[in-house]
Amino acid sequence: MNILLGVSSGIAIYKAVDLVSKMRKQGWNIQIIMTENAAKLVNPIVFSAVGDCKVYTDTYEIEAGWIIHTELSKWADVLLVAPATANTIAKLANGIADNLLTTTALAFAKDKRIIVPTMNTRMYENELTLENIEKMRQHGWHVLEPESGHLACGDVGKGRYPENEKIIEFLKIIMSEKLLKNKKVLVTAGPTQEELDPVRYISNHSSGKMGYAIAQAAKRFGAEVCLVTGPTCLTFPYFVDEVVLVRSAKQMYDTVLEKKEDYDILIMCAAVADYAPKMVSKEKIKKTNDNLTIELEKTPDILYSIGMSKRERQFVVGFAAETENVVENAFEKLRRKNADLIVANDARLAMGSDTNSVYLIFKNKAMVQLDGTKEEIAEELLKRICKELS
Ligand code: CTP
């Protein structure tokens, strides 16, 4: 993907340096245009070094046969202006082309144009700025809304530069094919915690990374997404429509069962505790005896319940985290829980890791192996599900 980054002179410009680093890690091709004032805040050499890319400023360079603004606008698949100041937005909204960035933007004929407005909250809330942003939206620009919070000037309000991970995801959403348009996807993720007393619980090592990656990829592919998650240390996936935070297997069960009818694809990725303490002690359990026996009872099986009651054209996916006989156990689970697909992996390799190696086990006995990052596996899994549904 060829990205042309336009940098104007917001104080958040230092964060845009890290954005370039993160875009480079994605393997994207980058070229950068900085406005004259932006180049006074951060030397273009910094951007060039971090992005391993060419940085253009208003000091016109002469290259034979190379008219910079038209060539750059033809080269880029996407034009991203971040940070976009009130001044640059005003120019872009009104077709003013008085520097290399605005001239290139005017010549950029594709619909993949993004601004990340970043400025003081009073400037942002000024009617003229809001009107300009709205006008750009109407002319097909995508707008990543600024965040609210503490601003560089000490004010508190809307205008903050968003996290770079969020900008990267916004780019991916805009560039991805909408394979799951008009589909509703529900994903469970993370571990559950089964309370023992007010300070203790039984749980497992699930990080939630695989389920979060699936929810994020489903959003990227245009689905309406609900994530039902146990407690994790992860940032919620960006732009998903609903996140329901639960703790116990029973809470996860109640949430999924209440919602399931509305969803076309249900992906049960959570590492749900199979057993929970039969009694929850009201007070902290004291160390009075040498041995302690805790009676456990089975938790409700979410995947089994939705598998058994699934409606027509509802696709149910289960996960199987095994430590032995991965494939055999997965086939058995597929049948027993009436799933359409089981994603089987070795629990010891999968838990907590950013990468995984999984087998997709289908009802017709087909089997596919996928290796890669959890993000790559999530995308490929959803593509395979789309194929099954088509
Ligand atoms: N699962 C569930 N509800 C439970 C337990 C598990 O929905 N109470 C789901 C998981 O989200 C996963 C699948 O069932 O999609 C596999 O769970 P796993 O614990 O590996 O399988 P079990 O059916 O519990 O069988 P076993 O423990 O014998 O492997």
Side-chain angles (χ1 to χ4, degrees), residues 185-195 201-215 218 225-232 234 244-261 263 265-278 296-310 314-352 356-363 370 374 377-378 381-382 384-385 388:
V185 177
L186 185 143
V187 182
T188 66
T192 62
Q193 294 178 351
E194 310 305 325
E195 220 172 310
Y201 57 79
I202 297 174
S203 190
N204 58 64
H205 292 301
S206 168
S207 63
K209 286 178 185 172
M210 191 68 240
Y212 278 45
I214 294 170
V225 179
C226 174
L227 172 68
V228 181
T229 175
T232 75
L234 306 175
V244 185
L245 184 57
V246 296
R247 272 197 72 190
S248 65
K250 176 71 172 56
Q251 285 171 356
M252 190 173 271
Y253 175 86
D254 289 342
T255 308
V256 174
L257 269 277
E258 190 204 312
K259 291 183 172 294
K260 73 175 174 91
E261 285 309 313
Y263 289 84
I265 302 169
L266 298 130
I267 305 178
M268 300 296 103
C269 187
V272 187
D274 288 334
Y275 292 91
K278 199 165 182 182
L296 302 175
E297 64 181 358
K298 253 194 181 155
T299 56
D301 193 316
I302 309 165
L303 177 59
Y304 177 85
S305 301
I306 58 172
M308 288 302 172
S309 60
K310 69 173 187 243
Q314 198 171 35
F315 198 87
V316 173
V317 182
F319 270 67
E322 306 287 351
T323 54
E324 55 183 353
N325 306 325
V326 175
V327 171
E328 293 82 343
N329 286 342
F331 270 114
E332 191 276 325
K333 217 162 272 184
L334 179 88
R335 187 193 51 73
R336 178 161 46 89
K337 301 201 185 191
N338 197 32
D340 297 293
L341 165 62
I342 290 279
V343 183
N345 53 194
D346 185 320
R348 283 169 299 210
L349 299 177
M351 280 197 170
N356 204 355
S357 174
V358 304
Y359 294 98
L360 308 189
I361 313 256
F362 294 89
K363 253 189 161 164
L370 301 177
K374 287 185 175 173
I377 291 176
L381 167 67
L382 291 172
R384 302 275 175 163
I385 294 173
E388 291 294 307

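Whatever order the structure lists them in is the order used to number ligands and atoms, beginning at 1. From a predicted model like this one, the values you see are computed outputs, not experimental measurements.
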Does K337 reach ligand 1, in the sense of a heavy atom lying below 4.0 Å from it? yes
So is R336 in contact with ligand 1, going by heavy-atom distances below 4.0 Å? yes
Measure the distance from [atom] to every protein heavy atom, then report the residue, atom name and distance (to 0.1 Å) of the closest one.
atom: atom 13 (C) of ligand 1; result: F319 O, 2.9 Å
atom: atom 18 (P) of ligand 1; result: K333 NZ, 3.5 Å
atom: atom 3 (N) of ligand 1; result: I302 N, 3.0 Å
atom: atom 9 (C) of ligand 1; result: L303 CB, 3.8 Å

Quick check on contacts: which atoms of ligand 1 are under 4.0 angstrom from a heavy atom of T299?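 Those qualifying, in numeric order: 8 (N).
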Spatial distance of atom CD1 (I267) from atom CD1 (I214) [nearest 0.5 Å]: 5.0 Å
From I302 CD1 over to I306 CD1, what is the distance, rounded to the nearest 0.5 angstrom? 8.0 Å
With respect to [atom], which of [options] exhibits the smallest heavy-atom separation?
atom: atom 8 (N) of ligand 1; options: A189, S206, P300; result: P300
atom: atom 10 (C) of ligand 1; options: G318, A270, A273, G307; result: A270
atom: atom 4 (C) of ligand 1; options: V316, V272, V256; result: V272

Any N or O of T188 that comes nearer than 3.5 Å to an N or O of ligand 1?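 Checking ligand 1 against T188, no N or O pair falls under 3.5 Å apart.
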Report yes if some N/O of M268 lies less than 3.5 Å from some N/O of ligand 1; otherwise report no. yes
Is the side chain of [X] donor-acceptor paired with the backbone N or O of [Y] at a distance under 3.5 Å, no angle test?
X: Q314; Y: S309; answer: no
X: T299; Y: A276; answer: no
X: S248; Y: Q193; answer: no

I'd like to know whether [atom1] of [X] has more than 12 heavy-atom contacts from other residues, nucleotides or ligands below 6.0 angstrom.
X: Y359; atom1: OH; answer: no
X: Y201; atom1: OH; answer: no
X: F362; atom1: CZ; answer: yes

Residue portion contacting ligand 1 (non-hydrogen atoms closer than 4.0 Å) for D274: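 Side chain only.
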Which atoms form the tightest heavy-atom contact between K333 and F319, and what is the distance? CD-O, 4.3 Å
